Every structure is written in structure tokens, then in C-alpha cells.
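Just so it is clear, the values below take in all heavy atoms, side chains as well, and ignore hydrogens, waters and symmetry mates. Remember, it's a predicted structure, so these values are computed and weren't measured experimentally. Order of the sequence lines fixes the chain letters, A, B, ..., with proteins taken first and strands second; residue numbering starts at 1 for each chain.
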Amino acid sequence: MDLNILIGGEAGQGLKTVESLLTTILFRQGFYVYSTKDYMSRIRGGHNFMEVRISDKPVHGPTNEIDVLVALNDESVDLHLQDLNENGVIISASAHEDRRMERLPAKEIAKEVNPRAVNTVFIGGVIKVLGLALDEAETIIKEHFSDDKEVVEDNIELLKKGYELLDKAFLLERPGRDKEMMLIDGNSAVGLGAALAGVSYYAAYPMSPSTGILTYLARKQEELGIVVEQAEDEIAAINMALGGSYSGIRSMTGTSGGGLALMAEGIGLAGIAELPVVITDVQRPGPATGLPTRTGQGDLLFAINIAQDEFPLMVLAPRDQEDAVYQSFRALNIADKYQMPVIILSDQFLGDGSKTINEINLDKLEIDRHLITEQELAENGKYKRYKMTEDGISPRSYPGQFADQVVLIDSDEHDELGHIVEDAEARTAMVDKRNRKLIKLIKEDLQEPEYKGPEAIDYLLVSWGSTCGPLSEARDLLAEKAQVGMLAFNDIWPLPVSELKKRAAGAKVIVVEANTSSQFAKLIKSETDLSLFAEIVKYDGRPFVGKELYQKIKDEVM
Amino acid sequence: MDLNILIGGEAGQGLKTVESLLTTILFRQGFYVYSTKDYMSRIRGGHNFMEVRISDKPVHGPTNEIDVLVALNDESVDLHLQDLNENGVIISASAHEDRRMERLPAKEIAKEVNPRAVNTVFIGGVIKVLGLALDEAETIIKEHFSDDKEVVEDNIELLKKGYELLDKAFLLERPGRDKEMMLIDGNSAVGLGAALAGVSYYAAYPMSPSTGILTYLARKQEELGIVVEQAEDEIAAINMALGGSYSGIRSMTGTSGGGLALMAEGIGLAGIAELPVVITDVQRPGPATGLPTRTGQGDLLFAINIAQDEFPLMVLAPRDQEDAVYQSFRALNIADKYQMPVIILSDQFLGDGSKTINEINLDKLEIDRHLITEQELAENGKYKRYKMTEDGISPRSYPGQFADQVVLIDSDEHDELGHIVEDAEARTAMVDKRNRKLIKLIKEDLQEPEYKGPEAIDYLLVSWGSTCGPLSEARDLLAEKAQVGMLAFNDIWPLPVSELKKRAAGAKVIVVEANTSSQFAKLIKSETDLSLFAEIVKYDGRPFVGKELYQKIKDEVM
Amino acid sequence: MVDTAIFEADRETAWCPGCGNFPLRKALSESLAEMNLKPEQVTMFTGIGQAAKMPHYLKVNGFNGLHGRSLPPSIGMRIANPEMKIIVESGDGCTYGEGGNHILHNLRRNIDIVNLVHDNQIYGLTKGQASPTSGNEIKTPVQTHGVNAEPLNPVRFAVGMKASFVARSFVGDKEHLKAMIKAAMEHKGYAMIDIFQPCVSFNKINTYQWYQERVYHLEEDYDPTDYAAAVEKADEFGDKIPIGIIYKEEKATFRERIPYLKDKALVKRNVKPTELKNLLTDFK
Amino acid sequence: MVDTAIFEADRETAWCPGCGNFPLRKALSESLAEMNLKPEQVTMFTGIGQAAKMPHYLKVNGFNGLHGRSLPPSIGMRIANPEMKIIVESGDGCTYGEGGNHILHNLRRNIDIVNLVHDNQIYGLTKGQASPTSGNEIKTPVQTHGVNAEPLNPVRFAVGMKASFVARSFVGDKEHLKAMIKAAMEHKGYAMIDIFQPCVSFNKINTYQWYQERVYHLEEDYDPTDYAAAVEKADEFGDKIPIGIIYKEEKATFRERIPYLKDKALVKRNVKPTELKNLLTDFK
Ligand SMILES: Cc1ncc(C[n+]2csc(CCOP(=O)(O)OP(=O)(O)O)c2C)c(N)n1
Ligand SMILES: Cc1ncc(C[n+]2csc(CCOP(=O)(O)OP(=O)(O)O)c2C)c(N)n1
Ligand code: SF4
Ligand code: SF4
Ligand SMILES: [Mg+2]
Ligand SMILES: [Mg+2]
């Protein structure tokens, strides 16, 4: 079973609430859910739509075919009818000439009860069409509107009305669920990972599509006793975070491309001053303003090469919403361990999309701050912030931690104490010390990409970050035609190469990514001697779709 | 004949004047000169030195051996004695135990005449030691202090005293000169190229080592009738320049790494809005503040990948001071032709160093603004700023140029008129249109690297930008041992690959550059299928030296 | 007076129905028409935000640049072109937040432009976070317990900087707003108008009614050239909020301080490299 | 009082002999000692410039960050640590030029720090270009015909913003400067001192003598809490320039506006993921 519900309408019509309620209802009923948002950079009007794909097996991305088309306005029917399946259903307030049409005069129905709750009529209708029961829906409406009893009653009444008015079209059965699951969007996932990792300070400037991380953490700030601060600009944001980090607290920021550009110099400061910090870049198409609410993977080489000159940093790209929780947690640990900036490359598709994931396993999560203890200090004598060490990692202390010791960090090239130096030897030694940290990271912490497929393959598909889900769906389909394997990278820089070299041997390598110039393919070429067979790109601002990818690879490449 | 004069002392002792006068005197006497500056990021004190290398044949870079050591303080003797040639001479105010010592009690001598002109005594001394006549020196002192007759007289008196007190050690002969030559530093060269190209607006924020471009153009602004404006920050600088460009005037900015980082978003704006602009990045070691007055080539991949997502841009790196004039001129032409940002990658070595070059050939220089004419407009009908064209170049007009036509540019993705669009097709089409410009550029304007060496080679040395000079000196020395060729790149992005592929066939490729991770080598690998034999790097903030490079390549690589 | 219609200020927009940006656009296009300007004689520089979409919604030359960077490109144009009527327009977040450093220094430059700030005391386009002018009491998805910083009073700030023309207006008072725009356009030097512009979607505090109840016209005999009086008026921001020209000082503009520039239009400059031979003599 | 020597304010510097930074350092170290502070109790945040090298030249915790960015990292520390004495120190170019947006918004945040601005009315480290406070008459290699913009009067700007503590002092008057520093350190909230600091290498106009002839102490009965009086005093910048606390207003600080933060030192916060199980329930 694999079913896709599309809800279309104008900005300001409450699409997001419909999507969120429906997604939660279906999730609670035991379905695997994947929902995506396609919206314009405006507050009212235009055309937006949300898709909710459900299945009794895990779903990893969107699909193009529609089974239930919920049209909050007429335009939605015109725009999406072409994708409606033969046995699909249109739920709309006005009539359309299509045999699949089910009219639900929501406005009229709601007028008598509560006009503001008009969309709940549709929710009821959808549940009926799917052939499900109302019970879970009622619970969720109660939770959602818990503040106001009257509103709850109105909504339940309308839910029921919508339910009554339509007929069952599908006869879905609730899947059983043998373990705890969660439903989470990528932005909240990054925020959750950070919260679990003990982030105490999140300084950021609002920017679509990254604002969800900011608002998730802001919502939790009082409960956690942490501080979320809106900076005056992104330059302030990164420097505020670095100040927090210097002071001993885990600090983080997040933005999208244009904001990342403004943070570049500050990220370089984190590099030379050896300050841990995590920056999430939720990518959108650019450059400059570009398409503010769409998706893409165009920031890869910019992120890896961010800021003038060189310094160790790590760039990682979560594969999906579950991975995002763990990677965000891990990023904060790695930043602390190596005293360096870590960039998380997310994107609008991952950040705004929600997915059913396994419950986060808290027992697997261990925080290590890597701060020196009184005893370690005593062994070292005078505290040297940039002490030369074999692995390049200097003892880290924060101001005020120890009596009589001060902590000095510097954006100039410096000596072990943090004082400005200019001579050639000191410069070279300090660069080498910093670079040694990456060698250790590669040895101890780098994650090889996940492999999926048979041992002997003809084709090796390669994804990075959020393209994993759709490409994995494509691989499963392709596997019916040929011997196809797939590598899904989440660590991007430094680039892990052993699994890649191993799997690529004898296979035709196809790299799939959402930008125009195949940036990941370029990276592979500059870091290995591999020849690539094909590069598949997309840069229209829309996410990859598994079936589409399957078709494209089959037709154009294989 | 190949002779090197080092002048050492503290900041604030007037080293720069000594170097500049001496360099000019020797240049006027017909020598080929190459002078470099090694100074600290401070105003007084510390240890600075300048080197002036002269020859009767062209010189392309510094050397480490010293023939004349002019020590304005004692520390200079201590620090540089080790590099003094057997038959070298030390000129110093105080006595040192070395047979090569020539005492010149400049302070005492100057006290009686004019204490502020103390350094002129040394200039006189140097000229004598070299075995040259005073005539040219007198002329230049007169030019330099033209404002004040008394000062001129004092200086000439001291010049003569210094001359009288020392003995000839070298018996140089003035080389003949059969053509007009110029002596110019790299920063002025970029400024001069821009001035010749008709730059009307230079907006920048001071930053070592790029400030020389700003001050050169400021000095000329009144004469040229152009505007040089100090911005409040680098973000303003790039956006001010873009405003000028939009308005129809050639506009430019310049900075160093940290400032370039702050300009990243604005450069992306130039990309998507298709505004011509030239940005000079005079590289210094970083990241963050780093070594503000030293040299390096660490910004390469940052510059190529600057800003989020993708857009066509060009990056070029002048090979020397002469090339810098032409490349700066060319950069403004290319920016206008393709309506895109062009980054000039210079560095402190090139920017602060002065070289004897051939007179700039003005007849070779042609300005083309690529603005549409009234007639072209008429043929096109309504003006469309982003009209779809085969080669990706849309007709360019500026606001107010034509009655009834307005010019709209946009940082969002847009349609032909510049209005915001969000749909997938329009996005893809506009990205493709922009990208087509690079294809045309590669076909029509890309410069292959210069090749030097025999046709059949065993080794191919590769430089980019200012490393050309020292590497070329190393090649000449290596050519005595093996069949060695060399390619000197000045166009970096898009990367010209044909000459490289041709010369690399059958040769061992050795890439030489001033950064830690061999960025140009990475670029070659990602753009070609070449395997590289060796990568030679240096990142101590000091320029490459020909002989040193020769030694290193011979010992470690060959 | 030219026909207001030539400015096409009836184009479709992405603004919310009822938004204060509509009356602002109307007042602006009428002012331009009444000043007998044609679209090609006017250039609008904006940043990013709901306000900043303006150049798409009427016909003038437009530079829709980066968030926070509406002002800097306008300087480039003023240098290139002494004739062009330049309007810099953006939201309160764009102008006073991300772009704070530019307004700070362009008040000092006294560059001859008009700066219209759509002050809705909120970040509209990014869905309702606090802007620098948001009151402390406003709660948003980011400012969950209200705003931690004191609201910026842009007028007091600009008066404290002795900007050469500082005014406040309100989209709910079209005639006033038009008068302010025209006065600003006629003023020689930098002229800022902070314009109250209700955001019906995200700012539930500073509504049309909220402003209507508070704004009042400056007294007839108010003298905007009196600095002390201006400081006092600028500080009024509570139950009563004055609208009008709060401060005005005639002084040399940026262009006027460049002695050799005069009326020269650099956009007409024509350079021949061969005629610049004297540039080479410095290096000989 | 602790021994001033523990601050090691006699370290070698890269400053020019005779520079106004020397007396500033002396006054600072003496003030800290007289306030009984120890080096580890004080943290200094600076940007880049000659002034900004200060944390290398005396012993306190130091964050020598980016040009223009002296203020933002200090906010991170104030949030992490309520106890630490925080001094933000940098040049006029760094603070008011590149960093203008941060001072603009931190005046609003009223973050509890001391901001010492070395105002030499010039860019020292980059060899003498105009700074935002440079007078119009100064000519430099960039400002070849003088400065095109009006000089910023930082005190008038800060008073216009109603910053909670605005003072001006002069390195040539050590006792005054020390008194100002101590008052600023004791003040609850953001406290700025604009300090005249002659640059002997590049500013030949605003010399020791120039300042000496102009500065005068505020009258005994001057009331810095009187806004109107402060505005008037702030505007005096000519033949006579007042030094002292020009404006002062007690108000809630940034930390105080975060209700749940109180005296909590986040730097002591200890998190165990297994104890945060309730964070997962939102997603179930
Ligand atoms: C560098 C950068 N940071 C953040 C954003 C996201 N952004 C777009 S508009 C906006 C705020 C808009 O507020 P305002 O300027 O008040 O305009 P309004 O929408 O209220 O008219 C923000 C934060 C961006 N586009 N670029
Ligand atoms: C992003 C960036 N831009 C420019 C510079 C170059 N820079 C270093 S110090 C300085 C000006 C210093 O002036 P000021 O802050 O007044 O300090 P002073 O040297 O006068 O004490 C500049 C422009 C830089 N380091 N970083
Ligand atoms: S969000 Fe607010 S400011 Fe933006 S268009 Fe809607 S009502 Fe207007
Ligand atoms: S340049 Fe000026 S401010 Fe800097 S150290 Fe020298 S005298 Fe002081
Ligand atoms: Mg706003
Ligand atoms: Mg200064």
C-alpha cells in the first residue's frame, strides 16, 4: 500500500494546519508518513500545496502520483488533475467535471458551526475516503485545540460532518506497529539533536527555510533553560555563537545560503581560533535571494571552501529526518572534540518535510565536552590555549574556570599562548597543528557512506544528504532491471573514500545531486582518481522524486 | 649580473622611502629591478625589510642571497648576516665584527645637516658601493622632495656625504635600454589597468595588502574625474559598486580575504542579477585576520566557489605586474561583455612588489561597453533586461538611457523582465541562460596558460598567478639537469585545459602554489582526468624564491 | 501632472489583502505623477521583504537587491547620475536590522535620495518575528517571552544623528503621506520617512486602529529646524505619536562635497586608453 | 586593592612610542586593580586595529576576534556567565565603522558590559584613512580632498539611542578616565565610553594638544539622568568638548528581560540526553 494525498490552496488558507493535523492523524494510526511542502515566498495568495504520502512500509520521499486531491480552491484542481491516479479522488468545495470528483461544500457546512474551522471538514472527508475511522482524529483535534473547549467541539462537529458526507474510496487498514515511532520534520530534527546534545545558546537571524530550527529551539528554550536569541544580522549571529563557545557553552547557529555567505569570515575565525561551533545551512536555490522557499543542493563546494585561506572544518549532510537528529547531536560532539566549526548541510526538502522515523535512542547518545580538568591543568602548568600537541588538539578551558589562569584566543596567527606572531616558523607550525586535527578526525570519527545493494554490481548510484531517500526508492526499482548498488554519503568533508573506492571498482558510477554543476562529482574527482560514468542533476527548486529518478536513470543513462 | 640589496630596520624608520628612492634610481639607470617588501602588521618598531634585486636582464622575483645589506638598526645585521654573500657588503651605522662591514655613521652626519633626512646618507652609500654615479639619484631626490627647496638641498648634501664616505665594491655598468620601460607595483598595476579601462567608481574598505589599489585610484580620482569612496564596510563596498554598475558606469572594488568573505553574498547578487563588477582580492594568509601583511595563495577555491549556489563568474590571477595591468583592463571588459562578476586574485607578493616591465601598449587596449543602442532597442521592442538569447547574453541598458523604458534587476529568480518567478520551468530556463555565458566565454575569451620550455619534456611545472616569476627562475635552473617545461596560468576559472592536457601528455606534472592543500592541483583533478606527480606548497606567508624552489624540486621531487 | 496610470500601480501583488503596503503604493504613485515624473526618471532601490517587492508592483527603474542592502547601491547611482530621482525603499527589518550599518553611515553621507521605510514593526515575509521597532510586549514564535531589546525609535535615532530630513507618516493618512513624500523628494540631501504600515497578518498589536488612535499632525507652528524641539518630538512615542517633518537641516550633500564632480554625469563619461598616456609617466 | 602588577600592563607592545593607547592601558589596569579584580574575573573582547591589540598587552581573558565584531561575542559570554566582568574594547573604525550595526543593536539590548572605544579619529593600523569620527577637514591618502561624510558624534548618537550609560573621556586626564572606567564597570547594563586617544603617527589634527585645549569636565551639578540636558551636552563638539558621564538611565538589562535565566550560569549546565525523554513526546 502506497498512497499520496495532495492538499492544494492559497497561502493564508490554512494549508499547513490541514497538512499537520492529517499527517499526525495518519501517523498515529500507524502509517508510515512522508510529507513535503511546496509553497511560495508570500504570506497570502499564490498557489501552495502539501503532499502526504502514506504506506504500511517505510517511505523515504515524495511521489508524483496523487490518490486523494484535496482542493481548497479551484486552481488546485486545474493544476494537479493531470497527476491524479485513475482510481483517485478529488475532494473539492466546488464541482468539477471529472468522474473522480467528490464535492464537499465545506464553507456552507462550516458557516453554521464555525467558519474559521472550515478546513476540518476536509480532514473528515479525507479520513472517510481513505476508509479509516475517526477516533484518532478526534483525539488529535482535542490535543491541537486544547486551549479552547468550544473550538474543540466545533471542530469535532465539522470533522464528523465531513466524514459523513463522503464515501469510502479506499479501504485502508491500520498497520500494526511493533515499536515506538516518531513523526518529525528535518528542521525540528536538527533542533532536537542539538537540544539533546546540550546546546545552551542558539543565535540566529530568521531566514527561510532555516527558521524552523530557530522556532523549534525558541519554543523549548524556557523548558530547557537555554537562550535563543535573534541576532541583528548573520554576522552577529555567528560571532555571538563563538562568544558563547569561548565562554564554555555549546553554541550553534543556523541559516540559509545568503546568511551562510555572511557568516563565512566568522567561520574562518572559528577555524583559526579553534572555537567549536555548529552551523546549519538549510539550502535553498540561489544565489542571492533566489527561490527562498524551494530546495536544492547548490552550497556544497561553497561550504567546504568557506572563507579565505584554509582551516580544518567538517561538513556533513543528514540523509533524512532520523539521521538529522543523530548528526546534529554528533556535530556538536565533533565540534567540541576537535575545537572546530562543523557545518550541517540540510535543505528545504529535508527541513520542511516530515517523516515517520524510529524513536530516537537516547541510550546511544553520549555527550563529551572535552574540557580539561583541574588535574590536567596542574599536570600542564601554565595554561596554553594553543599548546602544540601530537594530534593537534590543545587543552580547552574556558574563562574563569581556573584561578589565576586566563584564556586568550586570537584571530591573528598566534603562538601557544594566543599571542600574535608573524614569523614563518611559528606560522607553519601552527597551521600544521591545526591541520593535524583533520587527520585524527578521519581516523576516529569519519563515517563511511551507507551501502545498499548486492555485492556484485554493474552500476553504483551515489547520493549525498537528503537525496538519499528518493534515490534509494529509484534504486529499488532499478534493481529489478540490473545489478545496482547505492552509496548514501552523510559525511562530505573530509570526504570518506574507502567504501567508495571499494564499491566503485568495476562499477559504473552515477552521481545524483540537486545543483547544476555536479559539485559532489567534482569533489569525488578531486579527492580520488575515480572516473565517473554519469552525473544526474536537477536545479528547478523541487525535490527529487523516486520514480522520476528511476525513469531518468533507466532511459538516459543505463 | 644579478645583485640583491636588502634594507632592514624598524617600522617607522622610513624604510619604504629608502626602498622607493633606491628602486627608482636604479630603474632610471637602466637596471631591471624587482623589489619586495617584508613588513609587520604594526606602525612602529618590529623588524621590517625590503629587498631590491637588480640585473641587466629581466628579473621576475626575489632571491635569498644578499649582496648589499643596508642595516638601519643593529637587529638587521643579526637577522640577515647569514644570507650575505662572500663578497657582499654591510652598510650600517654601528660597527659589527665582520670583514664585509662598512660603517656609515649616518645619524651623526645628518645631525649637522637635517636629522630627518638621515636615510639619504645610506642611499648615497649604496650607490657608491655599487660603483654607480650620483647624477640620476640627484634628479630623483629633486623630483621626490620637489615641494621644498631646502629639503632638496639637505638631501643632496647628505646623499653626497654618504657617497663620499664609502668605497666602490662592485663596478656596475649602466645597462643600455632600447625601449621604454616602467617600474610598477602590483597594486598600482591593477589600479592603472582599471583607470585605463575607464573605471569610474571604486568603492572599497581599507584592508592590507589591498589598500594600495584604493590609494592609487584615490590619488588619480580628481585628475580622471572619477569617484573613489571609502565604504562603511565591505558589504557596502560591493553593493555600492553594483549600484554604480547598474547605473551604467564601470565599477570596481578590492579587498583581501576577510573582506572578500563579506562580499560573497553581493558577488552572488552580481551573478544572478547579471551585473558586471570586478573584485580584486589581494590575498594574505588567513583565515580571519591571519598574517595581515604577508603573502599566500589560499583563497583560490573560496573565490571560485564564492557564495551559495551557482552562477557564472570568472577568476583570473595575474602572473606579474605587467600582466596585472592588462588583466585588470581585460577583467573590466569581460565583466561588461558577459555581465558577470570577475575576481582578480592578486596577493601581497605581487601587490606590494615592484618590477621593471615593458611600457604598457595603449594601442592594444580597446574598451567595449556592450551597451545596446537606440537602434538595437527599437529592433527588440519592449526592453527586457533578461531576454532569453542563444548565447545567454541579454541586451544591457541603464536606467534613464531610453525614454519610456525602465530597467529592473532582481536578486530573486526572475523572468525576462526581471520580475520574481517561482516556477520550475522559468527557474531552469534562467539558470541555463546564465550558464550559457560561460560557454561563450570559454570559446571566445579564455586565455590558455603560457608555456615555456622545449617541446619534448619529462617534467611539467605548473604555476598560477604570481608564482610564475619564481617558478620560471627555478625552471631555467632545472632545465640544465632535465627536460623541463612550465605552464603559467592566469585564467583560473573557468579553467583552460587544452594546453595543459597537451603538455602534460607523457610528462610528470608538478604543481607549485602557496597554500597548504594544493588547491590548484585539486582544481585540475576535478576538471581533467590528469594524474599529478607532485605538489609543492608553501604557507609561511613568504613568497617563493626561485633558487629555493629549484633546490626543493631537484632534491625532493626529481 | 502626468497620468498616474503610467506608473502601473495596479499590478497584481503577493501582498495580503488589507496590507498597509497597498495604500503606500497608491500614495507613492500619485505623488510621482503629481510631481510630473516619468517612470524612466525614477529609480527604486530595495532590499528583501514584503515592502521590498515594491519595484515589481509599479513601473519605475528598479534594483531589487539583497536583504539589508537597499541603501549602498543607491550611492553608486547617485555618483553616476546626478539627475535621476532615487527612492530607497524597504521594510523596518531590512533597513534598521540587517541594514543598520548602512543607514547609520548614509545619514552621515547626506546622499541625495529619499528613503521610505515601511515600518510594520515586524518581519513580514519571514512570518512574524520581531523587528528592531517591535515593542517589548510582542510575543512571536522566536520572541516567546517578548522582545529582549528596547524598540528602536527610528525617528529619535535619525534626529540624534542630525540627519538632514527626518519625517514620520502613516499609510492610513494618504494626504499626509503624499505631502511627506513630495517634501522628501524635493529636499536636497538624504530624506528619511518612517512610515507606519500595518501588517494585518502578523502584527496584531500595531493595527490600523492602534495607529489611528495615536498619530497626530505636528502643530502648525512646529519648526523642524529647531534641533531641541525635534529631539523632544522625536521622543514622543506612546499614547500620542506625532507625524510630519520632525527635523530638517539644509547642508552640503555627498556630491557637493566632491569638488570636481559638480553636475558631471559619469554615466556619460567616455574613455579612450590612448588618451591616458600621462598615467604611465608616474611609473617611468 | 590587588597589586596592579598582576595585570602585567607593562608588556611589550606594537604601538608607536607616544601613542595614546599607553595611558589608556595604564588607566585601565589601575582601575581593575582598584576594583579588586583578578585577571581571571575579567574578559576583554576586541576587534582588529591598534586599539584592539589590548588583550595581548595586559593579563585578562581575551577574545581578539574580527575587525568590527568586538561586540557580538560578548553577548554569548554574558548569556553563559552572569559573573564575569566583560570589557569590549576597540578602535573607532572597528566599533563605529565596520561594527556599526552591532553597536546600534546592543545599545538596544542593554547588555551588561563596558564598551571602551579608543577614539583616535583615524584608522591607525591600516595607515591613516578616515574613520567615522574623522573631521571633514582631514586629508588622507584615500580622502584626498577631505572627508565626504559628516563626522559621527558617538556620544550624540548613543544619547539619541538612549543608551543606558554614555560617557566621554580623554587619555590625557588619567584620573578622569579611571573614574569613568570604574563608574562604567559598576553600572548595570551597557556602558559606553568614547575615549579621545591621540594617534601620533597618523592624526596630525586631533593631537594631545588639540584635545587638551578643548576638553572640560562636566559641571558639578550636571544631571546625567536629564535627557534634554544630555542631548544638549552631547551636541557640544567644537571649541569646547565636555567629558564625563553625559547620559545615564537605569533600566532592565538583557539578562533581566529573560525571565527564566536569573542568575543561572549556563556554563555550569550539565545535560544528560537520557533525562530529556520528554523532548521526544512532541513527535509521537
Ligand atoms: C541575508 C539574508 N538574511 C535573511 C533573509 C530572510 N529575510 C527575508 S525578508 C526578512 C525580513 C523582512 O522584514 P522587513 O524588512 O521588516 O520587511 P517586511 O516583510 O516586514 O515588509 C528576512 C529576515 C534574507 N533574505 N537574506
Ligand atoms: C573585514 C576586515 N576589513 C578590513 C580590515 C583591515 N583593518 C584592520 S584594522 C582597520 C582599521 C582600524 O581602525 P580603528 O578601528 O580605528 O583602530 P586603530 O588602529 O585606529 O586603533 C582595518 C580597516 C580587517 N582586518 N578586516
Ligand atoms: S505579511 Fe504583513 S506586511 Fe507582508 S503583505 Fe502580509 S500584511 Fe503586508
Ligand atoms: S598608529 Fe596611531 S593609534 Fe596606532 S599605535 Fe601608532 S600612534 Fe597609536
Ligand atoms: Mg517589516
Ligand atoms: Mg582608530
Side-chain angles (χ1 to χ4, degrees), chain A residues 180-184 188 192 195-198 200-201 203 220-222 224-227 229 231-233 235-249 251 265-266 269 273 329 359-360 362-363 365-367 398-400 402-412 418-420, chain D residues 6 14 38-43 45 47-48 53 55-56 59-81 83-84 101-102 104-106 108-109 254 258-261 264 266-280 282-284:
Chain A
E180 279 278 356
M181 303 294 283
M182 290 169 50
L183 175 73
I184 194 167
S188 297
L192 174 63
L196 292 171
S200 291
Y201 185 35
K220 292 286 148 191
Q221 62 178 334
E222 186 148 4
L224 292 166
I226 67 174
V227 177
E229 174 62 10
E232 56 272 26
D233 56 33
I235 303 173
I238 180 77
N239 283 284
M240 287 158 87
L242 293 181
S245 168
Y246 165 69
S247 308
I249 59 176
S251 303
E265 194 194 15
L269 172 59
F329 185 92
E359 185 183 29
I360 296 304
L362 300 179
D363 299 327
L365 303 179
E366 237 175 275
I367 294 175
Y398 57 81
F402 302 118
D404 293 334
Q405 303 289 349
V406 296
V407 182
L408 175 65
I409 67 101
D410 192 14
S411 78
D412 297 90
H419 288 301
I420 301 174
Chain D
I6 66 169
K38 291 197 196 131
E40 70 265 26
Q41 294 174 320
V42 180
T43 303
F45 289 87
I48 293 295
K53 291 177 181 166
H56 298 284
K59 186 179 172 185
V60 291
N61 296 294
F63 185 115
N64 183 185
L66 297 171
H67 181 59
R69 319 302 167 193
S70 55
L71 272 163
S74 77
I75 307 163
M77 173 170 270
R78 181 45 80 227
I79 283 167
N81 192 328
E83 296 290 317
M84 185 64 73
N101 206 29
H102 310 305
L104 180 65
H105 292 286
N106 282 306
R108 297 178 43 230
R109 280 199 185 92
F254 182 74
I258 305 177
Y260 56 85
L261 201 56
K264 242 200 307 192
L266 287 179
V267 65
K268 298 268 155 64
R269 184 168 172 251
N270 210 338
V271 175
K272 290 211 177 39
T274 44
E275 288 169 7
L276 294 174
K277 213 170 160 59
N278 55 331
L279 284 180
L280 306 186
D282 294 345
F283 306 104
K284 286 186 175 173

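With salt bridges taken as basic N to acidic carboxylate O contacts below 4.0 Å, none links A/Glu232 and D/Arg108.
Chain A forms more heavy-atom pairs under 4.5 Å with one residue of D/His105, D/Lys272, D/Gln41, D/Arg269 than with any other, namely D/Arg269. Here A/Pro399 is the residue among A/Gly198, A/Gly248, A/Gly400, A/Pro399 with the most heavy-atom pairs under 4.5 Å with chain D. Per-residue heavy-atom pair counts under 4.5 Å with chain D were compared for A/Ile420, A/Asp363, A/Ile360, and the maximum is reached by A/Ile420. Looking only at heavy-atom pairs under 4.5 Å with chain D, the residue among A/Glu366, A/Met240, A/Glu180, A/Met182 that has the most is A/Met240. Between chain A and the residues D/Lys38, D/Met84, D/Arg78, the largest count of heavy-atom pairs under 4.5 Å involves D/Met84. Highest contact tally toward chain A, considering only D/Val60, D/Ile48, D/Ile258, D/Asn101, is held by D/Asn101 [criterion: heavy-atom pairs under 4.5 Å]. Counting heavy-atom pairs closer than 4.5 Å to chain A, the top-ranked of the candidates D/Asn106, D/Asn278, D/Thr274 is D/Thr274. In terms of heavy-atom pairs under 4.5 Å with chain A, the best-connected choice from D/Leu280, D/Val271, D/Leu71, D/Asn64 is D/Asn64. Ranked by heavy-atom pairs under 4.5 Å with chain A, the first of D/Met77, D/Lys277, D/Lys264 is D/Met77. For the set A/Ser251, A/Ala403, A/Gly266, the count of heavy-atom pairs under 4.5 angstrom toward chain D peaks at A/Ala403.
Only the side chain of A/Phe329 comes within contact range of chain D, judged by heavy atoms closer than 4.5 Å. Interface remark: A/Ser200 contributes backbone and side-chain atoms alike to the contact with chain D (heavy atom separation under 4.5 Å). Of the two parts of A/Ile226, the backbone and the side chain both hold a non-hydrogen atom closer than 4.5 Å to a non-hydrogen atom of chain D. In this structure, the portion of D/Leu261 lying under 4.5 Å from any heavy atom of chain A is its side chain and not its backbone. Looking at A/Glu229, the atoms closer than 4.5 Å to chain D (heavy atoms on both sides) all sit in the side chain, from C-beta outward. For A/Glu222, the parts sitting under 4.5 Å from any heavy atom of chain D are the backbone and the side chain alike. Of the two parts of A/Ala273, neither the backbone nor the side chain holds a non-hydrogen atom closer than 4.5 Å to a non-hydrogen atom of chain D. For A/Ala236, the parts lying under 4.5 angstrom from a heavy atom of chain D are both the backbone and the side chain.
Listed here is the closest heavy atom pair of D/Tyr260 and A/Val227: OH-CA, 4.1 Å.
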- Message: I'd like to know whether D/His56 forms a side chain to side chain contact (heavy atoms under 4.5 Å, CB included) with A/Leu408, so could you lay out the CA-CA distance, the side-chain angles of the two residues, the decisive distance to 0.1 Å, and finally the verdict.
- Response: CA-CA 8 Å; D/His56 298 284; A/Leu408 175 65; 3.7 Å; yes
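The salt bridge (charged side-chain N to carboxylate O under 4.0 Å, His left out) search around D/Glu83 returns none, not counting sequence neighbours. For the side chain to side chain contact (heavy atoms under 4.5 Å, CB included) test, residues two or more places apart in sequence or in another chain that qualify with A/Lys220 are A/Tyr216, A/Glu223, A/Leu224, D/Leu279, D/Asp282.
Ring geometry, D/Phe45 versus D/Phe63: the interplanar angle falls from 30° to 60°, so the pair is classed tilted.
Remark: side-chain polar atoms of A/Ser245 are not paired, donor with acceptor, to backbone N or O of A/Ala241 under 3.5 angstrom. Looking at D/Asn61, its side chain does come within 3.5 Å of a backbone N or O of D/Glu40 through a donor-acceptor pair. Using modelled atom types, one side-chain atom of A/Tyr246 and one backbone atom of A/Val407 make a donor-acceptor pair closer than 3.5 Å.
Between D/His102 and D/Arg109 the shortest side-chain heavy-atom distance does not fall below 4.5 Å. Side-chain contact between D/His67 and A/Glu265: absent, with no pair of heavy atoms (C-beta onward) separated by less than 4.5 Å.
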